[in-house]
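The structure appears right after this line, and notes come after that.
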Amino acid sequence: MLSVAVSPQGTTIASGSYDETIKLWDFNTGECLKTLRAARPYEGMNITGVTGLTEAQKATLKALGAVEN
């Protein structure tokens, strides 16, 4: 976990995590109310067999959501 914040009303907790998500929690029950994740620009783009890319470029694309089988 990277960070935690409590709403001014004290009813909701927001947590930011290494998995690039923000989760909203009910303060009283501990229930996860919602998980938020920003869209990554290359989410789901398949780069298997793509030529002309360096390993560093492939790693960057994967960090931005691309996949390679």
Side-chain angles (χ1 to χ4, degrees):
M1 190 175 312
L2 294 174
S3 61
V4 175
V6 179
S7 69
Q9 301 82 12
T11 57
T12 307
I13 299 171
S15 65
S17 184
Y18 286 107
D19 68 359
E20 300 177 2
T21 61
I22 297 171
K23 293 189 180 208
L24 302 178
W25 306 87
D26 182 286
F27 185 86
N28 294 313
T29 67
E31 175 188 3
C32 180
L33 303 171
K34 190 167 202 170
T35 301
L36 307 167
R37 182 177 184 164
R40 298 184 296 173
Y42 297 98
E43 192 75 48
M45 177 188 282
N46 190 338
I47 60 171
T48 304
V50 173
T51 58
L53 294 176
T54 66
E55 288 304 313
Q57 289 169 324
K58 286 183 183 180
T60 300
L61 286 169
K62 288 180 189 177
L64 295 171
V67 294
E68 185 175 32
N69 297 343

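Side-chain atoms are counted along with the backbone in the values below, which use heavy atoms only and exclude waters and symmetry mates.
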Exercise: identify the closest heavy-atom pair between Asp26 and Asn28: OD1-N, 2.8 Å
Under a 4.5 Å side-chain heavy-atom rule over Ile, Leu, Val, Met, Phe, Trp and Tyr, are Ile22 and Val4 clustered together? no
Could you report the tightest heavy-atom contact between Leu24 and Ala14, atom names first, then the distance? CD2-CB, 3.8 Å
Verdict with reasoning, Lys62 to Ile47, per side-chain contact (heavy atoms from CB on, under 4.5 Å): CA-CA 9 Å; Lys62 288 180 189 177; Ile47 60 171; 4.3 Å; yes
What pair of heavy atoms forms the shortest contact from Trp25 to Gly30, and how long is it? CE3-O, 3.3 Å
Spell out, yes or no, whether Leu64 and Val67 are grouped together once hydrophobic residues are joined by side-chain heavy atoms under 4.5 Å, including indirect joins. no
So, does Ser17 use its side chain to make a donor-acceptor pair with the main chain of Thr21 at under 3.5 Å? no
Could you walk me through whether Leu61 and Leu53 satisfy the side-chain contact (heavy atoms from CB on, under 4.5 Å) test, starting with their C-alpha distance in whole Å, then the side-chain angles of each, then the deciding distance to 0.1 Å, before giving a yes or no? CA-CA 10 Å; Leu61 286 169; Leu53 294 176; 3.8 Å; yes
To the nearest 0.5 Å, what is the distance between CD on Glu55 and OG1 on Thr60? 11.0 Å
Taking all non-hydrogen atoms of both residues into account, name the closest pair between Ile13 and Val6 and its distance. CG1-CG2, 4.3 Å
